[in-house]
Amino acid sequence: MDTEDGADSGSSSGGNMTTNMKEEYGLFVWPCSVILAEYVWQQRLQFSGVSVLELGAGTCLPGLVAAKLGLDVTLTDDSNKLEVLDNMRRVCDLNQLNCKVLGLTWGVWDESIFTLKPKLILGADVLYDASAFDDLFATVTFLLQNSPGSVFITTYHNRSGHHLIEFLMLKWGLKCVKLIDAFSFMPPYKASGLGGNIQLAEIVLISE
C-alpha cells in the first residue's frame with residue numbers, strides 16, 4: 001500500500017521549521033498509525049460493512065486499510081492543514097481508493113460535522129497535544145452521540161499513564177470498553193521496527 005511521505009526533516013530550519021512542524025506531523029507514518037491499521041485488518045470481520053471516519057488522519061494508513069476492506073471511509077484532518085489534506089487525496093488516488101477527504105478541525109462545529117454518522121471512528125496518535133485534548137474529546141463525543149452504537153478506537157503513546165485518558169472520558173461521558181498493549185497483537189516482524197509504550201483503547205458513550 002502506498003503512502004506519500006511529503007516531509008523531509010532536513011529541509012526546514014529556524015522559523016520555517018517552527019511554522020511547518022505541526023503540518024509536517026501529518027506527513028509522517030507514525031508507529032501508532034501502523035498499529036491501528038494492523039488492528040483494523042485483524043478485526044476486519046467485526047468491522048464488516050460499517051462506515052468509518054478517521055480523525056487527524058495524516059498519512060491515513062488505518063483509513064486506507066479500512067477502504068481496502070471495502071468500507072465506506074471518510075478521512076479527516078485539520079481544515080487549516082491544506083498540504084496534509086492534498087496529500088491524503090493523492091494517497092487515495094495512488095491506491096485507487098474512493099475515500100472522502102474532509103477538513104475537520106476538532107472543537108469547531110461547522111456544517112460538515114453534522115452530517116457525519118460513522119459507526120467506527122479511528123484516531124492514531126491523536127493524544128499528543130494536551131492543549132487539544134478537550135477539543136478532540138468534544139468532537140469524539142459529538143460523533144458518538146450522532147451515531148448510536150458507534151465506537152472510537154485510538155492508539156496512543158502512554159506517556160503519563162492511562163489516568164489522564166480516564167479523566168477525559170469521565171468529563172465527556174465516555175467509557176473504555178477495551179484497553180490493550182498495542183504490541184500484544186502485532187506480528188513480531190511488524191513490531192520490530194516500532195518503539196514506545198503504545199496502547200489501544202476502544203471508547204464508547206457511558207449511556208451505551
Side-chain angles (χ1 to χ4, degrees), residues 32-33 35-58 60-79 85 88 92 97-129 132-156 158 162-180 182 185 198-208:
C32 284
S33 184
I35 291 168
L36 186 53
E38 175 67 24
Y39 188 74
V40 170
W41 169 252
Q42 291 187 15
Q43 301 296 320
R44 57 192 179 277
L45 295 179
Q46 175 187 345
F47 300 144
S48 177
V50 304
S51 55
V52 179
L53 183 140
E54 185 174 358
L55 293 171
C60 54
L61 187 58
L64 294 179
V65 170
K68 283 284 190 180
L69 294 172
L71 304 181
D72 178 24
V73 176
T74 300
L75 305 170
T76 73
D77 213 308
D78 192 316
S79 300
L85 294 169
M88 288 159 60
C92 291
L97 295 171
N98 186 26
C99 300
K100 293 182 283 292
V101 175
L102 178 68
L104 192 161
T105 303
W106 304 336
V108 175
W109 312 108
D110 56 23
E111 184 179 355
S112 60
I113 194 172
F114 292 99
T115 62
L116 298 172
K117 297 182 183 293
K119 288 299 182 184
L120 176 60
I121 305 160
L122 302 174
D125 209 6
V126 290
L127 292 163
Y128 64 89
D129 180 2
F133 285 179
D134 274 319
D135 285 339
L136 169 64
F137 273 81
T139 300
V140 168
T141 301
F142 174 82
L143 292 169
L144 292 173
Q145 291 172 339
N146 209 36
S147 183
S150 55
V151 59
F152 172 49
I153 303 180
T154 182
T155 47
Y156 61 95
N158 190 17
H162 188 65
H163 62 273
L164 175 59
I165 310 300
E166 291 177 332
F167 169 78
L168 289 165
M169 288 189 296
L170 182 62
K171 177 179 179 179
W172 289 99
L174 307 174
K175 63 181 178 182
C176 181
V177 293
K178 179 185 284 189
L179 179 66
I180 54 177
F185 60 84
I198 300 175
Q199 292 186 305
L200 180 143
E202 293 194 8
I203 297 170
V204 300
L205 295 171
I206 285 179
S207 57
E208 295 189 355

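If you're wondering where the values come from, they're calculated on a predicted model, not measured in any experiment.
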**Fill in**
Between Leu75 and Ala57 the two heavy atoms that sit nearest each other are CB-CB, 4.4 Å
**Met169 and Cys176, any side-chain heavy atoms less than 4.5 Å apart** = yes
**Message:** Any non-hydrogen side-chain atom of Val151 less than 4.5 Å from a side-chain atom of Ile121?
**Reply:** no
**Message:** Please give me the minimum heavy-atom distance between Asn146 and Ile113, naming the atom from each residue.
**Reply:** ND2-O, 4.2 Å
**Asked** Any side-chain heavy atom of Thr155 sitting closer than 4.5 Å to one from Gln199?
**Response** no
**Request:** Considering non-hydrogen atoms only, spot the tightest contact between Ile35 and Ala182 and give its length.
**Result:** CG2-CB, 3.5 Å
**Prompt:** In terms of heavy-atom contacts, does CG of Asp110 have more than 12 from other residues, nucleotides or ligands at under 6.0 Å?
**Reply:** yes
**Prompt:** Could you go step by step and tell me if Leu97 and Leu64 meet the side-chain contact (heavy atoms from CB on, under 4.5 Å) rule?
**Reply:** CA-CA 8 Å; Leu97 295 171; Leu64 294 179; 3.8 Å; yes
**Item:** Donor-acceptor contact below 3.5 Å, side chain Ser147 vs main chain Leu144
**Value:** no
**Short side-chain to backbone donor-acceptor contact, Thr76 and Glu54, under 3.5 Å** = yes
**Request:** Please confirm whether the backbone N or O of Tyr156 pairs with a side-chain atom of Asp125, one donor and one acceptor, at under 3.5 Å?
**Result:** no
**Item:** Shortest non-hydrogen contact from Leu205 toward Lys175
**Value:** O-CE, 3.6 Å
**Asked** Using a distance-only test with no angle check, is there a side-chain donor-acceptor pair under 3.5 angstrom linking Thr105 and Asp78?
**Response** yes
**Leu122/Val52 under side-chain contact (heavy atoms from CB on, under 4.5 Å): CA gap, chis, key distance, verdict** = CA-CA 7 Å; Leu122 302 174; Val52 179; 3.7 Å; yes
**Message:** One pair to check against side-chain contact (heavy atoms from CB on, under 4.5 Å): Leu102 and Leu116. What are the steps and the verdict?
**Reply:** CA-CA 11 Å; Leu102 178 68; Leu116 298 172; 4.0 Å; yes
**Asked** Within the side chain of Thr139, is there an N or O that forms a donor-acceptor pair under 3.5 Å with the backbone of Asp135?
**Response** yes
**Request:** Take Phe142 and Phe114 through the test ring-ring contact (aromatic ring centres under 6.0 Å, His included) and record every step on the way to the result.
**Result:** CA-CA 9 Å; Phe142 174 82; Phe114 292 99; 5.4 Å; yes
**Asked** Does the pair Ile153 and Leu200 meet the rule for a side-chain contact (heavy atoms from CB on, under 4.5 Å), with working shown?
**Response** CA-CA 7 Å; Ile153 303 180; Leu200 180 143; 4.0 Å; yes
**Trp106 versus Asp134, side-chain donor and acceptor atoms under 3.5 Å** = no
**Item:** Short side-chain to backbone donor-acceptor contact, Lys119 and Pro148, under 3.5 Å
**Value:** yes
**Message:** If you compare all heavy atoms of Leu85 against all heavy atoms of Gly103, which two are closest, and at what distance to 0.1 Å?
**Reply:** CD1-CA, 4.0 Å
**Prompt:** So, Thr154 side chain and Gly123 main chain: donor-acceptor pair closer than 3.5 Å or not?
**Reply:** yes
**Request:** Taking ring-ring contact (aromatic ring centres under 6.0 Å, His included) as the test, write out the residues that go with Tyr39, two or more places apart.
**Result:** Phe185
**Ser33 to Leu61 - nearest heavy-atom pair and separation** = OG-CB, 3.4 Å
**Message:** Measuring only between side-chain heavy atoms, which start at C-beta, is Leu143 closer than 4.5 Å to Leu55?
**Reply:** yes
**Prompt:** So do the side chains of Leu127 and Ile165 get within less than 4.5 Å of each other, counting heavy atoms only?
**Reply:** yes
**Backbone N/O of Leu45 and side chain of Ser48: donor-acceptor pair under 3.5 Å** = no
**Asked** Side chains of Phe137 and Val126: does their closest heavy-atom pair fall under 4.5 Å?
**Response** no
**Request:** With the side chain counted from C-beta on, respond yes when Val177 and Ile203 share a heavy-atom pair under 4.5 Å apart, and no when they do not.
**Result:** no
**Message:** Can you confirm whether Trp109 is buried at CH2, in the sense that more than 12 heavy atoms of other residues, nucleotides or ligands lie under 6.0 Å from that atom?
**Reply:** yes
